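Worth saying up front: this structure is predicted, and the values here are computed from it rather than measured. Remember, it's 1-based here, ligands and their atoms both numbered in the order they're listed. These numbers come from the heavy atoms of this one structure, side chains and all, not from hydrogens, waters or symmetry mates.
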Amino acid sequence: MEVKNICCIGAGYVGGPTMAVIALKCPHIKVTVLDANPEKIKAWNGTLDSLPVYEPGLAEVVKEARGRNLFFSNDIAGNIEKAEMIFMAVNTPTKTEGEGAGMAADLRYIEACAYDIAKYSKSDKIVIEKSTLPVRTAEKIKDILDKNSTNIHFEILSNPEFLAEGSAIQDLFKSDRVLIGGDESESGQQAVKALVDIYANWISKEKILTTNVWSSELAKLASNAMLAQRISSINSLSALCEKTGADIKELSKAIGSDHRIGPHFLNASVGFGGSCFQKDILNLVYLCKYYGLDEVADYWHHVIKINDFQKKRFAQKILDYFGGNLNGKVILILGWAFKENTNDSRESPAIYVSNYLFKAGASLVIFDPKVSQNNIISDIENYWEIKYKESSENLLILDELETANLNIDCIAIPTFWSQFEKFLLRFSSDLNTYNKPIFQIKN
Ligand code: NAI
């Protein structure tokens, strides 16, 4: 089966970049990215310097493919009807209420997609799980699709996304692997082949792994858990280094030089952030508990506990430096995104660290190169549970760092961006500010 028309529900950090790259690499396929949020679609169709997602290289890809075979639209019904293949790339946050609240994945957006697909489909479809989902979700999706349609065959594939924000376009161009899970039936294998053929336009065949659906669903959760576990492992050792005089950078190098371990994800940090690691591990923990594997659940839960410990330890170090009292102190917070080269601040350690310092009495001046003022304000209001307007005397968000006139007591860097280097050099050599400490975990 040759696919000519694809749509993707969800135009976020995954749907936008992945579909842009498919469209770029497959000019013979029409790719339409859909979203329930009209503002987001408007921004995807707007100027290239204000796309909803910031990723190095993304604007160039969108520039080439948009209007040729890449489209962004609110017409969910019409595009579902026309597509032969439908990707679901909607958000799957941690549940906040009901059974499994605080741990299990909230599947309401995925279920809404399935209802829409069932409602608007008039012919057979291949439906692809691009979102990260608990193992065996395909069963639930199939159930919704079959119960809400007649005489239409839906084939469900799992094709989890492994891109990392900040390097998404390079990751998509040169994936370590593409994973496709499908049913072992003949129609399942035909659907797998149709998706393999799309990726084969730019990914070599040996990097396209095909598995059963459940392995593919679980492999994504397990991959994120293993990555986060490395961060928590090295961060736990950074605490021990500080007690013993060992140097965490020297330790990382010594450990990572062992080819069985390797150097990646061994840099100490203020902790991991982003929308995925915490929610995916919690989801894994919930699944383990559900299947009665309490010891396994506890093992993975500790990866998150160490992450919380590390964020708190960083903030506490600043508080201790000032003798436990931050009243009247002004702290410059550099970096709000959860990592360099993205405008995504979901679960960013900066949110936690700044809240801790602010609640301990400090006034904060905040700067990030890509996270908008509005996003920073909404993070503050959502996570610190304060009204920005009522606290704005003690909170200043900068949109320019180089020219800012700063009178500060210290700098805290939850997320390092290379562009801070120049500023920090100036800061350290300026006689007026000399001797003010810079708190960071730099690699
Ligand atoms: P996002 O929040 O950036 O985007 C999701 C989009 O889906 C939003 O724009 C929302 O308006 C839209 N949406 C939700 N329900 C809808 C519906 N019923 N109809 C139409 N549009 C709807 O989320 P993001 O970060 O792109 O993540 C999507 C999935 O991909 C999640 O499961 C996540 O775990 C997974 N993932 C995320 C990665 C990342 O780095 N952000 C990497 C790999 C996987």
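Partners of Lys205 according to the salt bridge (charged side-chain N to carboxylate O under 4.0 Å, His left out) rule, which considers only residues two or more places apart in sequence or in another chain, do not exist here. Thr132 pairs by the side chain to side chain donor-acceptor pair (under 3.5 Å) definition with nothing, not counting sequence neighbours.
In this structure, Lys422 contributes its side chain and Glu402 its backbone to no donor-acceptor pair below 3.5 Å.
Ranking protein heavy atoms by distance to atom 4 (O) of ligand 1, first place goes to Gly12 CA, 3.3 Å. Glu161 O, 3.1 Å is the protein heavy atom nearest to atom 43 (C) of ligand 1. In terms of protein heavy-atom proximity, atom 35 (C) of ligand 1 is closest to Thr132 OG1, 3.5 Å. Protein heavy atom at the shortest distance from atom 6 (C) of ligand 1 is Asp35 OD2, 3.5 Å. Shortest contact from atom 30 (O) of ligand 1 to any protein heavy atom: Val14 CG2, 3.5 Å. In this structure, the protein non-hydrogen atom closest to atom 7 (O) of ligand 1 is Gly10 CA, 3.4 Å. Nearest to atom 3 (O) of ligand 1 among the protein's heavy atoms is Tyr13 N, 3.1 Å. Atom 14 (C) of ligand 1 has its closest protein heavy atom at Asn91 OD1, 3.2 Å.
When the heavy atoms of Thr92, Asp344, Leu221, Leu163 are ranked by distance to atom 32 (O) of ligand 1, first place goes to Thr92. With Glu165, Glu55, Lys220, Lys279 as candidates, the residue nearest to atom 41 (N) of ligand 1 on a non-hydrogen basis is Glu165. Comparing Gly15, Ala36, Pro17 by heavy-atom distance to atom 21 (N) of ligand 1, the nearest is Ala36. Residue Arg346 holds the heavy atom nearest to atom 2 (O) of ligand 1 of all those in Glu111, Arg108, Arg346. Of the listed options Asn283, Ile110, Val90, Asn37, Val90 places a heavy atom closest to atom 16 (C) of ligand 1.
For the pair Lys30 and Phe71, the distance from NZ or CZ to the six-membered ring centre is under 6.0 Å and the angle to the ring normal is within 45 degrees.
Remark: the Gln310 side chain and the Ser238 side chain contain an N/O donor-acceptor pair separated by less than 3.5 Å.
Note: Asn79 CG to Ile9 CD1 = 9.5 Å, rounded to the nearest 0.5 Å. Between the CG atom of Asn224 and the CZ atom of Phe272 there is a distance of 9.5 Å, given to the nearest 0.5 Å.
Per-residue contacts place Lys40 under 4.0 angstrom from the following atoms of ligand 1 (heavy atoms of the residue considered): 8 (C), 9 (O). Near Ala89, with a cut-off below 4.0 Å to any heavy atom, the atoms of ligand 1 are 5 (C), 28 (C).
Annotation for Ala225 and Leu284: closest pair CB-CD2, 3.7 Å, computed over non-hydrogen atoms. Counting all heavy atoms, side chain and backbone alike, Asp35 lies closest to Ala11 at OD2-N, 2.7 Å. Minimum heavy-atom separation, Asn283 to Leu133: ND2-C, 4.4 Å.
With a 4.0 Å heavy-atom cut-off, ligand 1 is reached by the side chain of Cys276 but not by its N, CA, C or O. Of all the heavy atoms of Glu129, none lies under 4.0 Å from any atom of ligand 1, so neither backbone nor side chain is involved. By the criterion of a heavy-atom distance under 4.0 Å, the side chain of Ile9, and not its backbone, is placed next to ligand 1. Here Ser275 has side-chain heavy atoms under 4.0 Å from ligand 1, and that is the only part of it that gets that close.
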* To do: Evaluate the criterion side chain to side chain donor-acceptor pair (under 3.5 Å) for residue pair Ser418 and Glu340; output intermediate values, then yes/no.
  => CA-CA 8 Å; Ser418 356; Glu340 190 177 7; 2.5 Å; yes
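The salt bridge (Lys or Arg N to Asp or Glu O under 4.0 Å) with Asp308 is formed by just one residue from the set Lys311, Lys312, Lys305; it is Lys311.
Checked by distance only, ligand 1 and Ala112 stay at 3.5 Å or farther apart across all their nitrogen or oxygen atoms.
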